[in-house]
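Some notes on the structure that comes next.
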There are 2 protein chains.
Amino acid sequence: MAATIKDVAALAGVGIATVSRVYSGNGAVGAATRERVLAAARALDYRPSAVGRSLKLRRTGGIGLVVPDVTDPFCAELVAGVLDCARTHGEHVLLDAVGDDPAREAAAVGRMVEQRLDGIVAMPAGDAAPWEAAAASGAGVVFAGRAWPGLPQVPVVLADDGAGVRSLTEYLTGLGHRHIAFLGAAAPGAAPGVREQAFRATLAALNVPLEEDLLVAARPSRDSAYAAAAGLLQSRAGVTAVLAAGHLLGEAAVLVARELDLRVPADVSIAMVGDVAWAELCDPPLTAVARPGRDIGRRAGELLLRDRTRRDPAGPVMLPAELVVRGSCGPPRGARIIRKL
Amino acid sequence: MAATIKDVAALAGVGIATVSRVYSGNGAVGAATRERVLAAARALDYRPSAVGRSLKLRRTGGIGLVVPDVTDPFCAELVAGVLDCARTHGEHVLLDAVGDDPAREAAAVGRMVEQRLDGIVAMPAGDAAPWEAAAASGAGVVFAGRAWPGLPQVPVVLADDGAGVRSLTEYLTGLGHRHIAFLGAAAPGAAPGVREQAFRATLAALNVPLEEDLLVAARPSRDSAYAAAAGLLQSRAGVTAVLAAGHLLGEAAVLVARELDLRVPADVSIAMVGDVAWAELCDPPLTAVARPGRDIGRRAGELLLRDRTRRDPAGPVMLPAELVVRGSCGPPRGARIIRKL
DNA sequence: CTGAAAGCGCTAACAT
DNA sequence: ATGTTAGCGCTTTCAG
């Protein structure tokens, strides 16, 4: 169907090497010859085959990208960032969404390895095995937006959620809150995430006593988030503010507060980590920690594409998460009015 | 770096053809031999190269996907749908976002053609040329989520926005509205889109006089949307409802209404086409026309992957857009209260 | 049931 | 400046 280099060479009356030289830019060709080649190519609608070239060069180019869900705003930003990076480098991007399912992730990584991509940037979900295999196969791997404790040798770029939560916690306590709920804690027994750790640490540093029963666990699903928020706000033991550890949890908190006819921020302050479009649209607009998804994606791509003989940075690359103050947090009910700075 | 079929054959003490047969499934191999091959492959971390196979088979597989912006909720849904489809067919997806820029689109399509993908599904932005070239090269092309009048021979799958806008317009007029603004009309002189046409037609069918100055134009950007909404609502000549033709326009309307201290729906009713996450979160929740982005993506993928010798359906595939009634629309101020049905 | 060999489209020596 | 050729990793006749 598609014309090959031979067709072009034949039509132009030159050898295939000349055609190759015209397209690859290596080696010189006379102006007249080049013109004949180009004309022939145009006549035949010739596009050089990346497949043939890849086989010969033993390097395909291309970035694999594995995220849990393209529909999630943070993931979408991250994808956009990787796309940006790929575009500036003239690379293509192979995308898959694996829904945090380790089996699907393994399958996706396997397919990408078979495609002989330059490397993979991923928000890792489950098993270490596929990543080890990918790295062993010579493909680069960079994690983005999510840490993966098991593979310390894999470079990773993250939002500095610890700092983000610290800012937010300090902001809330500064407003006068002493009974802050943390929505989205680890299940009892499980290791707490960075967000929860930062929350605990900040409270401790501020000498605000931590109330363990205000750390409410939730799995990362809408339903679980909603249940957790409902459980918290219905029987709220003097909670004056809730810090939602993710945008799904923030959404749940807003919805539950509205259902319970709680005024925000008069009755409860609400804030969340993850700044998404609706944060600005809801009423009142939600204070949130903005995580630089696009930058993370871009940076991860750069890390992948750059010369891999160079030593990678020790430890994760942390990109700043910024506190965006909007109208959803105020002083706790009954507190002295804080004078504006 | 990576092991090849030869390495495996050598280690297993068989010919490369046998290794190939083990992996491709074509031809029979003795159980014992197969085991030896598999063992050797495992020892070498062998993964067959898709590049070699593609070259030999002269068919790469893979779906190209071109959207304006992965960060847009509708596009993200569409991408997710194509990903779903690709997964069930064992295909991979090559994604690019081109920001509605014809030059970037042409570049993206060019790269995809060079990759010798099976075909491309796209939300087309600009020029017809790259698409014609792609189709000529033998790759299938399917448009999704956006019509492209210039290329009638390209199959296209769309949300039935006409029907959606009709439902919405009927709903609004049913509530008693007679002065409905349409936010997002075509620029004066330009051809109106399906949404606008449906709006005009529905009003005409209902014998509601159309007020031309309530059709306000906007380009598809946040700024333009905001300006249009502000212009409309500041000097509103008796507008009782606004129908926003897209989610960006809906967002702008909500924001402007809030800034102007207009109560929704008491002072103005607001509704939009495009149901996005925040519609449910904002206060009051926004009535919207839900467009089945994911289904559109899936369907477009199917259309692309299925035997292309079969005749494609004449005319676009229309997927239903559903009116989701929430709290942002009510009877116009001063109207007789409509009895509940 | 298995091996040898041709060739997919391309690039990079090497030769002219 | 241009042509010839080998070979990238794989599948697939064709022999055996």
Do [X] and [Y] come within less than 4.5 Å of each other through their side chains, counting heavy atoms only?
X	Y	result
V109(B)	I120(B)	yes
R53(A)	P48(A)	yes
Q115(B)	R111(B)	no
L158(A)	F143(A)	no
R291(B)	D161(B)	yes

Side-chain donor/acceptor of R87(A) to backbone N/O of V98(B), under 3.5 Å: no

Qualifying residue, where the test is side-chain contact (heavy atoms from CB on, under 4.5 Å) with L65(A) and the options are D96(A), L78(A), L94(A): L78(A)

Hey, does G25(B) reach any base, or is it just sugar-phosphate, or nothing, if we go heavy atoms under 4.0 Å? nothing

Hey, does T33(B) reach any base, or is it just sugar-phosphate, or nothing, if we go heavy atoms under 4.0 Å? sugar-phosphate

What string of B, S and - do you get for nucleotides 6-16 of chain C, 5' to 3', if B is base contact, S is sugar-phosphate-only contact and - is no contact with any protein heavy atom under 4.0 Å? BBBBBBBB---

Could you tell me, to 10°, how much the axis swings from one end of the helix from dC1(C)-dG16(D) to dT16(C)-dA1(D) to the other, five pairs per end? 40°

Here the gap from D84(A) atom CG to R298(A) atom CZ, rounded to the nearest 0.5 Å, amounts to 4.5 Å

Under 4.0 Å from OP1 or OP2 of dG3(D): is there any side-chain N or O of T18(A) that close? yes

